[in-house]
Amino acid sequence: MKETEWIEALEDEDLAFIKNFVLASGSLKEIAEIYGVTYPTVRLRLDKLIQKIKISSENKEEPYITLIKKMALDDRIGYEEAKILIQEYRKEKKGEK
């Protein structure tokens with residue numbers, strides 16, 4: 001895996017957040033002011049972004065599982081639904097072998 005692959009996996013709004021975060025010298029308080037949200041909201045967004053980067057960096061799993069995890073982090077699907085999809089996918093893969 002090349003070093004920048006995790007960046008390529010992020011969406012434009014994630015990259016904009018990272019840019020603003022760096023320009024704000026890592027100040028979550030300043031980021032909260034920029035986005036007009038509370039500090040805990042910014043902290044949650046940063047935590048989700050960290051998880052996305054970890055998932056992209058590890059990239060040991062199959063692309064389908066990585067996609068499901070990213071969708072759950074983006075609140076496109078629920079956590080429980082993601083778990084079910086991953087479990088069923090793994091069951092099906094075992095049956096193929």
Side-chain angles (χ1 to χ4, degrees):
M1 179 171 98
K2 63 183 185 175
E3 189 61 35
T4 58
E5 197 167 320
W6 66 270
I7 293 173
E8 295 166 2
L10 298 176
E11 297 177 16
D12 288 343
E13 72 179 51
D14 294 328
L15 295 172
F17 181 87
I18 291 171
K19 177 183 175 184
N20 288 329
F21 183 73
V22 171
L23 292 174
S25 299
S27 169
L28 296 182
K29 183 178 177 184
E30 190 173 327
I31 293 296
E33 290 174 14
I34 290 169
Y35 284 93
V37 297
T38 64
Y39 178 95
T41 301
V42 172
R43 183 73 243 177
L44 179 63
R45 175 137 188 221
L46 182 59
D47 290 344
K48 286 184 176 185
L49 187 53
I50 290 167
Q51 288 300 315
K52 281 185 182 182
I53 292 170
K54 283 181 180 179
I55 289 170
S56 296
S57 295
E58 291 169 359
N59 207 13
K60 295 175 187 170
E61 297 180 312
E62 296 185 40
Y64 179 76
I65 293 175
T66 301
L67 173 65
I68 296 297
K69 287 182 175 182
K70 285 181 185 179
M71 290 178 72
L73 283 170
D74 287 337
D75 294 324
R76 292 182 185 168
I77 60 172
Y79 176 74
E80 290 302 317
E81 290 81 4
K83 279 178 43 178
I84 292 168
L85 288 170
I86 291 170
Q87 288 171 353
E88 291 301 316
Y89 177 74
R90 286 181 174 152
K91 282 183 198 173
E92 195 169 308
K93 289 291 283 183
K94 281 184 180 179
E96 287 181 5
K97 293 181 179 179

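Heavy-atom basis, side chains included; hydrogens, waters and symmetry copies ignored. Residue numbers run from 1 in the order of the sequence given.
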Chemist: The criterion is ring pair (Phe, Tyr, Trp, His ring centres under 6.0 Å); which residues satisfy it with Tyr35, sequence neighbours excluded?
Modeler: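 Result, ring pair (Phe, Tyr, Trp, His ring centres under 6.0 Å) vs Tyr35: Phe17.
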Chemist: For the atom pair NZ (Lys48) and CD (Gln51), what is the distance rounded to the nearest 0.5 Å?
Modeler: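 If we round to the nearest 0.5 Å, Lys48:NZ and Gln51:CD are 11.0 Å apart.
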Chemist: Following the transitive rule for hydrophobic clusters with a side-chain heavy-atom cut-off under 4.5 Å over Ile, Leu, Val, Met, Phe, Trp and Tyr, establish whether Leu67 and Ile84 coincide in one cluster.
Modeler: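 Different clusters.
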Chemist: Taking side chain as C-beta onward, heavy atoms only, is Ile65 less than 4.5 Å from Arg90?
Modeler: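 Side-chain contact under 4.5 Å: yes.
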Chemist: Are Ile34 and Leu44 in one and the same hydrophobic cluster, where Ile, Leu, Val, Met, Phe, Trp and Tyr link if side-chain heavy atoms are under 4.5 Å apart?
Modeler: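 Cluster IDs for Ile34 and Leu44 differ.
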Chemist: Write down the atom of Ala82, the atom of Ala72, and the distance for their closest heavy-atom approach.
Modeler: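 Of all heavy-atom pairs spanning Ala82 and Ala72, the closest is CB-CB, 3.9 Å.
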Chemist: Could you check whether any side-chain heavy atom of Ile31 comes within less than 4.5 Å of a side-chain heavy atom of Leu46, counting everything from C-beta outward?
Modeler: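 A side-chain contact is absent here, since even the closest heavy-atom pair is not under 4.5 Å.
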Chemist: Atom CG of Leu85 and atom CD of Glu81: how far apart are they, to the nearest 0.5 Å?
Modeler: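 If I round to the nearest 0.5 Å, the distance is 8.0 Å.
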Chemist: Taking side-chain hydrogen bond (donor to acceptor under 3.5 Å, both in side chains) as the test, write out the residues that go with Thr38, two or more places apart.
Modeler: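 If we apply the side-chain hydrogen bond (donor to acceptor under 3.5 Å, both in side chains) test to Thr38, skipping adjacent residues, the hits are Thr41.
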Chemist: For the CD1 atom of Ile50 and the CD1 atom of Ile55, what is their distance to the nearest 0.5 Å?
Modeler: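 One gets 12.5 Å once the value is rounded to the nearest 0.5 Å.
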Chemist: Quick one: do Leu23 and Leu10 end up in the same hydrophobic cluster if we chain Ile, Leu, Val, Met, Phe, Trp and Tyr together by side-chain heavy atoms under 4.5 Å apart?
Modeler: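 As far as the 4.5 Å side-chain criterion goes, Leu10 and Leu23 are not connected within one cluster.
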Chemist: Any chance you could measure Ile86, atom CD1, to Tyr64, atom OH, to the nearest 0.5 Å?
Modeler: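 Spacing of CD1 (Ile86) from OH (Tyr64) equals 8.5 Å.
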Chemist: Can you tell me how far CD of Glu13 sits from CG of Asn20, rounded to the nearest 0.5 angstrom?
Modeler: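 Asn20 atom CG to Glu13 atom CD measures 12.0 Å (nearest 0.5 Å).
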Chemist: Output the distance between atom OH (Tyr79) and atom CG (Leu73), rounded to the nearest 0.5 Å.
Modeler: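 Those atoms lie 10.5 Å apart.
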Chemist: Is there side-chain contact between Arg45 and Asp14, with at least one heavy-atom pair below 4.5 Å?
Modeler: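 Answer yes - side chains close enough.
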